[in-house]
There are 2 protein chains.
Amino acid sequence: MTSIHEVAEAAGVSISTVSYALSGNRPVSEKTRRRIEDAVRELGYQPNAGARMLAGRRTNIFALTEPLRPDTHAPTHMAFVLAAAVAARKRGYDILLLTEEQASAGMSRVTASDLVDATLVLDVAPDDERVAIARSIRTPTIFIGIPDDNDGLHCVDLDFDAAGSLAVDRLADAGHHSIALIGQSELAYQRSNFPRRLLNGFRTRAEERRIAQSFHSSGTTVTEPRIVRRAVDAALESGATALVLHAADDVHEAVLDVLAERGLRIGDDLSIVSAGASFDTSALSVAIDTIPLIPQLSCDLAVDLAVRSLDEALTPSVHLIPPEYREAGSVAPPQHA
Amino acid sequence: MTSIHEVAEAAGVSISTVSYALSGNRPVSEKTRRRIEDAVRELGYQPNAGARMLAGRRTNIFALTEPLRPDTHAPTHMAFVLAAAVAARKRGYDILLLTEEQASAGMSRVTASDLVDATLVLDVAPDDERVAIARSIRTPTIFIGIPDDNDGLHCVDLDFDAAGSLAVDRLADAGHHSIALIGQSELAYQRSNFPRRLLNGFRTRAEERRIAQSFHSSGTTVTEPRIVRRAVDAALESGATALVLHAADDVHEAVLDVLAERGLRIGDDLSIVSAGASFDTSALSVAIDTIPLIPQLSCDLAVDLAVRSLDEALTPSVHLIPPEYREAGSVAPPQHA
DNA sequence: TTGAAAGCGTTACCAT
DNA sequence: ATGGTAACGCTTTCAA
């Protein structure tokens, strides 16, 4: 492998000058910098990663821990992994994957061996065991999601509470007095925090605005296709004139199907808002208003926090990303308003 | 951070003895080994990764490249990523994730900087651009999937051809004379190789055995729920008394639904075999015979090849994993046999 | 069975 | 603006 010595020789300078020219940590004359860059290009020089880690104090690698529980929604999860990788690369970092048992033990291992500069935590559970590990290690840890016990931790997430409230606000503003939330599976409300947070924001704001509200959980269409139908029927029977959906893409489509069967036109007969969805809602058969969950936003912020905490001492805190409302014409005043 | 020197001092030996005791590369007396292990435990010593990479010739990291195209089936993909990570960890390797643009450029980068010992390639396309890169780098590359141009490459995959043939054989052996394959989306037959290989095995064997056969592609239930129904109807109209399914989990369930609507009982009225599925088919509403795609098998083999090619010069070749037939009672002789 | 010491390829400090 | 060189923490050869 071609080393910094060969580059130095080819450019007729010392290795330290090559190092400085490449890192920019010290001014280098325009002329020699060019000679060095030429040599680098011609030789196809790429600094040795191990040597950099050893000499410098950075590995330029972030660990990404993902427990991958069986009930994890794969497409959403993949979107976050991808967004994290892209965000990290933009800042010059690679992603080291820690899955399953390694998500916890691995965190300690790669951190203690100085393999990574920081850790990003995905798929956060309310009582996540990685919280304890985060507190026991030296390197920074950023949670993408919010565990119950988040004292002293860096956390990043969509403000699901606000998303729930925002959905209610927009529907109430449009004149609706009775709305229903079709949410995730029962299990999701036990395993994760964010569904509860959205539900909480939904309920609280509905109460504040004296709006009648009801909640209906859904399964997944694959294993329990009929649950969606039941949820929709229950929502309609409750007298709701508007629906808030917090669910996966297939449930969205299934809900739209059921409504079409019932002869209900979106917007005209029934208003709908999708909240906290990370998939492309424009691919649905009917355009609907959305308060999206944008992985890129969370991951960019998480990576930014990670990078910054490498040389500053950041005050740990929970960063809630304000929800954003995207209109698509699926919300209108109720028929009997 | 605690270093090898502190361990050596605590154990009253030289650092080389500590190194040898830990690596096992040289016999160490029972007594001193124990003292060293005690010191390691008490000090919580973890060898510095950068130093190991630099001094040793191994990084103990594999790159995993995954382009993550929009049409990739997320659950299947996640299963492979997970299986690869687990397989690698079993052999002492971590996984460095290379996504999107990084899947190609990243391969050269991490390889040239000696960040990884080998590369695993996922989600292989027929004309995959990573083939050229694999040929241009020094470190071993293992493809999990088979590109069209695979000369001189290490490839690992389920023998989809044989899986297609096996499905035909079992149905023909049961007495069926007309069978239909409900396959993937049209797009999948352009973007990937494995659907074509299964289809090819299916057709070839059907012709060999003089079995009437037909093929029907399906969409995904999310975006095109009606395509599944059409595919099933077309299959039935073709006179098929048995179905081979090569599709995602939701399509499986949708097919079973349509058959239930038609009043057809699995096994009795119509035989079914699922081929090349990586999800848990036992979660379906009806138990069906399976020729599974087992990510763990491919990934274990891939990792094994990667590890072995680090010190032997392995002859490049395509490793086809023989398909396995799992009975569940969904295949029986045809009614009018 | 063990130890001393020469690298491994960088970075960054100290000079000039 | 540039060069020399001491770390960085480990692996492995050479000696004993």
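Chain letters run A, B, ... following the sequence lines, proteins first and then strands; every chain starts at 1.
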Near DNA chain D, which residues from residues 31-62 of chain A have a heavy atom under 4.0 Å away? Thr32(A), Leu54(A), Ala55(A)
Could you state the atom-to-atom distance from CG of Leu22(B) to P of dC10(D) in whole Å? 10 Å
In whole angstrom, what separates Ile15(A)'s CD1 from dA12(C)'s C1'? 11 Å
Does a side-chain N or O of [X] approach OP1 or OP2 of [N] to a distance below 4.0 Å, or not?
X	N	answer
Ser3(B)	dG9(D)	no
Asn25(A)	dT11(C)	no
Ser14(A)	dG3(D)	yes
Ser29(A)	dT2(D)	yes

Can you tell me if Thr141(B) and Thr119(B) form a side-chain donor-acceptor pair at under 3.5 Å? no
Would you name the heavy atoms of Leu64(A) and Ala84(A) that are closest together and state the gap between them? CD1-CB, 4.1 Å
On the side chain of Ser16(A), is there an atom forming a donor-acceptor pair with the base of dG3(D) - under 3.5 Å, no angle test? yes
Determine whether a donor-acceptor pair (one donor, one acceptor, N or O, separation below 3.5 Å) exists between the side chain of Tyr20(B) and the base of dT13(D). yes
Are the side chains of [X] and [Y] in touch, meaning some heavy atoms are under 4.5 Å apart?
X	Y	answer
Arg109(B)	Gln46(A)	yes
Val18(B)	Val13(B)	yes
Phe143(B)	Thr65(B)	no

Side chain of Arg26(B) only, heavy atoms from C-beta on: which candidate in dC13(C), dT2(C), dA5(C) is closest? dT2(C)
Proximal nucleotide (of dC13(C), dT10(C), dT1(C)) relative to the Ile4(A) side chain: dT10(C)
With side-chain contact (heavy atoms from CB on, under 4.5 Å) as the test, pick out the partner of Pro126(B) among Asp149(B), Ile146(B), Asp148(B). Asp148(B)
